[in-house]
Every structure is written in C-alpha cells, then in structure tokens.
Amino acid sequence: MARFDTNRSAEMEVFVRVVDLGGFTPAARKLRLTPSGVSKLISRLEARLGARLVNRTTRKLTLTAEGQAFYERSLRILAEMEEAEREAASGAAPRGRLTVNCNIPFGMLHVMPLIPRFLAQHPDVTLDLVLTDTVIDLMQERADVAIRVGPLRASRLVARKLGTSRMVVVGAPDYLARCGMPKIPADLADHRGIGWTFPRSIRGWPFRRGDHAEEALPPPVARASDGEAARRLCLGGVGLARLALFHIGPDIESGRLVPVLQGYNPGDREDIHAVYVGHTAPLPARVRAFIDFLAEHVRVSDPALRRTGDGKWKLVG
C-alpha cells in the first residue's frame, strides 16, 4: 500500500543534494532550508527505511553501502520523474518554474528588458533569473536554460545561437590622458590592465599585424568577476579592458570609452548562445517557449567601428 503521508520524491531530492554537495549545510543553502531541517529529514528517512544511509563526522559525510545503493537508485528515479514531467509538459501550455542562468552584461542589457513581455504572454510561468558570468553545470544547478557568451565547451547540451559581437580593447579618456595611447600591441607592457578572477580560454589579447598574429596583455592592476564589473572599472580609469561591443557600444559612441589599437584588432567575435538539456526527452513547454521567445526578440547585431571626421567613434552596420 502506498504511503500518502510521506513525500518520498522530496526526500530523495534532499538526500541527493546532500550527497552531491557534500554535506547538510551546502544542501540546505541550495534548497533554502536550515541545516538542522535537512539533518532531521535525513534522520527521518533513515528511520523510515530502517537503515543508516550516511556516516556523519565533524569534517565530512560518507555514504554507507546502503546509502550508496539508495543514492544511485534515487538518481535514476528522479531522472525518470523529470523525463515524465517533460513528456507531459511538452504538449501543454507553458507553466511552472523556469530557472535561467545568464551572463551578467547580456542579461542586464538584452534579457531583463524582455522579461515583462515574456511573463505577460505566459502568466502561468514563474521565473528564477540568476545573473552570473560563472559557467554553471545545468544538471547540478537544476537550471533549465543558460545563456553563455564566448566559446562553448564540448558537452551534450543543445545550443541555440542568439547573436555575435566583436571584441574591442578600450580605455577611459582620463586613463589615456594619464598613461598615453598605445601605438602597437607591445606598448601594453607599460600599461595597466583589467583582468578576470576566473580562467579565460585565451591567456593574452589577440592582435593581428598583416598576416602575423600575436598576443599581448597589460599587467593586470585589478581583476573582475564579470563583464559589468570590468566595464565599470574601465570607466573609472583603472586600466584598459577588452570587452564585447554589445556591452560597451553606447560607451564608445558617447565618448566614455575610447577604442585602443583598432588597427591591430583581429576582428574576432564572441558568440552568444542559449544552452539547455534537450537530447533525451521533449522540452517542457515553458523552456521551449522561453528559448523561442529569445530567438525571436533578442537583437544582437555585429556592427563595425568607424571613426568620424571629428575623431569620434561610431557603430556602423
């Protein structure tokens, strides 16, 4: 006889999070519960099953043999439940919670302004929007969609391209007045740069002189965790930065930022993609609706920079 007084899928979800994250406290933080509440839930689960699942110590949590078997079976059951929900939702109207992870500058400039319209069109959808430049694991974070700027890592995720943007080295006018305008890439060794607190796929800034490719990088005087933080440091005159034109185009046209070494710009671009898990089952209607909405409404062109007669820079195309 089924036990209707126990939410066994929720117990499995909590147990799997405890194992995946390595303890009660990080699982509680992720699930928005208290560590004591998570601990009590696991204790109730063990009492109901009549078996110890985890060995608790002050430093770490380890699984018993029974716990390992229950963890592996729980993963399969939760995956099957999620697949069943996807199949059921694929033919239904968009509804339920939609979790989206997005690059900070792109999210602020291109996604957030569209959210009111999307939610108005789909009133049964609730949105969790997380802005971060950190590349997250969609499965571990239980995210439906991630919007990423730059090269994609090899994975089983499905990617839908939303746009592309050129990269430009820029500096604030007051910084360039103090430190001078670099004439060739090698001059960057005597300048101050804004770097990143996370690893990038390219170590140096790429430049091209005729058919010759080279890399140069000003010594970083500051590092930023995301593109918007780097932009603000650059606007403040801290140093030079290399940023996407979709992000800093208005700053260039207004004169707040000035392109540097444009004669050596290799013309490389960063693509913007929406990525999601979609190989094994039909997409939930809420996910499909959001991706289609982005593809229809996001407008990220790839203009070139041209200098006008008065020496200012304009976006063209």
Side-chain angles (χ1 to χ4, degrees), residues 6-49 52-64 66-86 89 95-104 107-108 111-112 115 125-148 153 155-157 197-199 225-226 229 274-278 280-281 283-284 286-287 290:
T6 301
N7 189 338
R8 287 180 284 180
S9 64
E11 288 182 340
M12 287 182 179
E13 176 79 15
V14 173
F15 176 69
V16 165
R17 284 301 182 98
V18 168
V19 177
D20 287 346
L21 298 175
F24 298 140
T25 298
R29 189 180 302 117
K30 180 64 65 173
L31 295 167
R32 298 179 182 177
L33 301 172
T34 64
S36 63
V38 171
S39 178
K40 289 176 181 177
L41 187 147
I42 298 302
S43 295
R44 288 198 303 269
L45 175 61
E46 290 176 325
R48 183 169 65 80
L49 297 177
R52 178 176 290 277
L53 301 177
V54 296
N55 291 316
R56 303 163 175 81
T57 68
T58 56
R59 294 197 172 185
K60 64 178 181 178
L61 178 149
T62 59
L63 290 176
T64 64
E66 293 80 6
Q68 183 65 38
F70 187 74
Y71 170 73
E72 293 172 0
R73 182 65 64 88
S74 295
L75 284 177
R76 291 196 295 271
I77 291 173
L78 291 171
E80 289 172 0
M81 290 175 61
E82 184 172 348
E83 183 174 348
E85 290 181 353
R86 285 186 178 184
R95 66 177 64 250
R97 176 175 294 176
L98 175 71
T99 302
V100 177
N101 251 263
C102 186
N103 166 278
I104 292 174
M108 294 177 67
V111 176
M112 289 181 65
I115 294 303
V125 173
T126 58
L127 178 69
D128 285 353
L129 178 62
V130 179
L131 297 183
T132 175
D133 280 7
T134 302
V135 177
I136 60 112
D137 184 318
L138 266 70
M139 297 296 290
Q140 182 173 333
E141 297 294 327
R142 302 295 197 269
D144 295 303
V145 181
I147 300 173
R148 294 177 177 167
R153 298 175 182 174
S155 73
R156 294 176 57 84
L157 299 175
T197 58
F198 53 86
S225 63
D226 60 81
V275 299
Y276 54 95
V277 180
T280 59
L283 281 178
R286 64 186 183 277
V287 177
F290 185 71

Arg52 and Thr64 have their tightest heavy-atom pair at O-OG1, 2.7 Å
Residue pairs passing the salt bridge (Lys or Arg N to Asp or Glu O under 4.0 Å) test with at least one member in residues 36-46, sequence neighbours excluded, are Glu46-Arg56
* Do Tyr71 and Asp20 have side-chain heavy atoms sitting under 4.5 Å apart? -> yes
d(Ile115 CD1, Leu127 CG) to nearest 0.5 Å is 5.0 Å
For Phe70, the ring pair (Phe, Tyr, Trp, His ring centres under 6.0 Å) test, sequence neighbours excluded, returns Phe15
dist Leu131:CG -> Met112:CE (nearest 0.5 Å) comes out at 6.0 Å
Taking the side chain as everything from C-beta on, heavy atoms only, tell me whether Val38 gets closer than 4.5 Å to Arg17. no
Heavy-atom closest pair (Arg97 atom, Arg286 atom, distance to 0.1 Å) is O-NE, 2.8 Å
Residue pairs passing the ring pair (Phe, Tyr, Trp, His ring centres under 6.0 Å) test with at least one member in residues 25-48, sequence neighbours excluded, are none
The side-chain hydrogen bond (donor to acceptor under 3.5 Å, both in side chains) partners of Thr34 (sequence neighbours excluded) come to Ser36
Taken in chain and number order and not counting sequence neighbours, the residues that satisfy ring pair (Phe, Tyr, Trp, His ring centres under 6.0 Å) with Phe290 are Phe118
Rounded to the nearest 0.5 angstrom, the OG-CG distance for Ser74 and Leu53 is 8.5 Å
For Ala27 and Leu21, the nearest pair of non-hydrogen atoms, with its separation, is CA-CD1, 3.8 Å
Problem set entry | Beyond-backbone contact of Val100 with Asp144, side-chain heavy atoms, under 4.5 angstrom | no
Under 3.5 Å: donor-acceptor pair, side chain of Asn103, backbone of Arg148: no
Closest non-hydrogen atoms of Gly22 and Leu61, given as atom of the first, atom of the second and distance, are O-CB, 4.4 Å
* To do: With the side chain counted from C-beta on, respond yes when Thr62 and Asn55 share a heavy-atom pair under 4.5 Å apart, and no when they do not.
  => yes
(Q) Does Glu66 form a side-chain contact (heavy atoms from CB on, under 4.5 Å) with Leu49? I'd like the steps, not just the answer. (A) CA-CA 10 Å; Glu66 293 80 6; Leu49 297 177; over 6 Å; no
Taking every heavy atom of Glu11 against every heavy atom of Leu41, the minimum-distance pair comes out as CA-CD2, 4.0 Å
Rounded to the nearest 0.5 Å, the CG atom of Leu98 sits from the CG atom of Asp128 at a distance of 8.5 Å
Worksheet entry | Pro35 backbone acceptor or donor facing Ser39 side chain under 3.5 Å | no
Those residues at least two apart in sequence (or on a different chain) that pass salt bridge (charged side-chain N to carboxylate O under 4.0 Å, His left out) with Arg95 are Asp124
